[in-house]
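Every chain is numbered from 1 and lettered A, B, ... according to where its sequence line falls, protein lines coming before strand lines. Both backbone and side-chain heavy atoms feed into the values below; hydrogens, waters and symmetry mates do not.
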Number of protein chains: 2
Amino acid sequence: MAVPSSVSVTPTASPLFLRENEVRRGVELLFFGYTRLTRAIDEGLAAHGLGRAHHRALYFVARQPDLPISALLKILAITKQSLGRVLTDLADRGLVETRTGNVDRRQKLLRLTPEGIQFEAQLFDALRNSLASAYAAAGQESVTGFWRVLEGLIPAEDKAMVVALQRDI
Amino acid sequence: MAVPSSVSVTPTASPLFLRENEVRRGVELLFFGYTRLTRAIDEGLAAHGLGRAHHRALYFVARQPDLPISALLKILAITKQSLGRVLTDLADRGLVETRTGNVDRRQKLLRLTPEGIQFEAQLFDALRNSLASAYAAAGQESVTGFWRVLEGLIPAEDKAMVVALQRDI
DNA sequence: CAAGATACGTCAATATGGCTGTCCCATCTT
DNA sequence: AAGATGGGACAGCCATATTGACGTATCTTG
């Protein structure tokens, strides 16, 4: 395993054989941080009889209007059938609608209805409150580090997808 | 909402009203980073007919031998019934064993069997590979920032629990 | 010591969010 | 015209969580 030359070699060990403690700390903080963040929106979702799976779809459709279903499938990495149920629920509640693609008429492009936009924004507020206070407490350089490490956890083949999300808006 | 005075005020906005884009970036990276990391161990788990819920229990028992069940319940934040099934599965496979507490004989203290220790170490290797390469690519200051932000996501009432985990070893 | 709280186990029923496999139709590409 | 692709739908299954109720052993406290 090659070690990037930009990483300074500590006297103790190669960065790829980090002290177990540092890795466990990351595992644990990721677990607690992620689960606690997601809990921040459970109440809002439950008010509409929806779950986290619905929010994930809602979120990414909000993020990329006119997203084709195939793209959402790649992002969520679940099966067509699982996504189908989720989208049906969202459509039934008038939060998401589809249009036929004009370039490729086989595609259905997903976007939020005005109600969907409002609901997603409301859920996003809860996420923003949590994340913004964590950002503020940690400081800007910490936020940059936070992003960098997480980027390193994303396999190369998925990275383009994430970058595409963050290009627009 | 109070803003910590240590945070420099940018010309654009207060840190608690960060640009939406920065918050969305964090949400997305957390989602992809967390889910991709957890996928790293699915194969090893499936080989024993176990799922992620089993790994979470296994992990925290490995981390804190002689953990009482009540402590594990607080960490995982699931119900007694859900944990019960998971622990039964792990005990049936000879990975976890319980002893009656000597201080409080109502308690059952959880620890891994030698096979459990070996299995957890094997799963941990996969996590270490993923995290260590992300750490190495990002650099040490980034890792510190990564930790800081995640700590900020953990509610105050849960923080003591996380600190306790990271004190020993 | 009696009463109540706590730690753990267990029952039954239910919900959610995944999965596989199969088949179908419309549309695009070659 | 043939095949590939985007999407939808069927049936059935599994993993993981939930609530509520109840039982037993043990500790704590008035």
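Atom-to-atom, CD1 of A:Ile78 to P of D:dG8 comes out at 13 Å; the value is rounded to the nearest Å. Taking atom CZ of A:Arg39 as the reference point, atom C1' of D:dT18 lies 13 Å away to the nearest angstrom.
B:Leu150 pairs with exactly one of A:Leu150, A:Leu37, A:Leu30 by the side chain to side chain contact (heavy atoms under 4.5 Å, CB included) rule, that one being A:Leu30.
Within residues 79-99 of chain B, the residues approaching DNA chain D are B:Thr79, B:Gln81, B:Ser82, B:Arg85, by heavy-atom distance under 4.0 Å. Contacts between residues 65-74 of chain B and DNA chain C, defined by a heavy-atom separation under 4.0 Å, are made by B:Pro68, B:Ile69, B:Ser70.
The pair A:Arg19-A:Glu22 meets the salt-bridge criterion, with a side-chain N (NZ, NE, NH1 or NH2) lying under 4.0 Å from an Asp/Glu carboxylate O. With respect to the salt-bridge test (charged N to carboxylate O, under 4.0 angstrom), the residues A:Asp125 and A:Arg128 qualify. No salt bridge links A:Glu115 with A:Arg93; every basic N to acidic carboxylate O contact stays at or beyond 4.0 Å. Salt-bridge formation is detected for the pair B:Asp66/B:Arg99: a Lys NZ or Arg NE/NH1/NH2 atom is positioned less than 4.0 Å from an Asp or Glu carboxylate oxygen. A salt bridge links B:Glu151 and A:Arg25; the closest N-O separation between the charged side-chain nitrogens and carboxylate oxygens is under 4.0 Å.
The closest side-chain donor-acceptor pair between B:Ser82 and B:Thr79 falls under 3.5 angstrom.
An angle of 40°, rounded to 10°, separates the two end axes of the helix from C:dC1-D:dG30 to C:dT30-D:dA1, each defined over five pairs.
For DNA chain C, the contact window with chain A, defined by any atom under 4.0 Å from a protein heavy atom, covers C:dG17 to C:dC28 in 5' to 3' order.
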Protein-nucleic acid N or O pairs under 3.5 Å, nucleotides 27-30 of chain D:
| unit_1 | atom_1 | unit_2 | atom_2 | d |
| --- | --- | --- | --- | --- |
| D:dC27 | OP1 | B:Arg105 | N | 2.8 |

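For D:dG6, the OP1/OP2 oxygens have no side-chain nitrogen or oxygen of A:Lys108 closer than 4.0 Å.
Shown here are the side-chain contact (heavy atoms from CB on, under 4.5 Å) partners of B:Glu120, two or more places apart in sequence or in another chain: A:Arg24, B:Leu58, B:Tyr59, B:Ala62, B:Leu112, B:Phe124.
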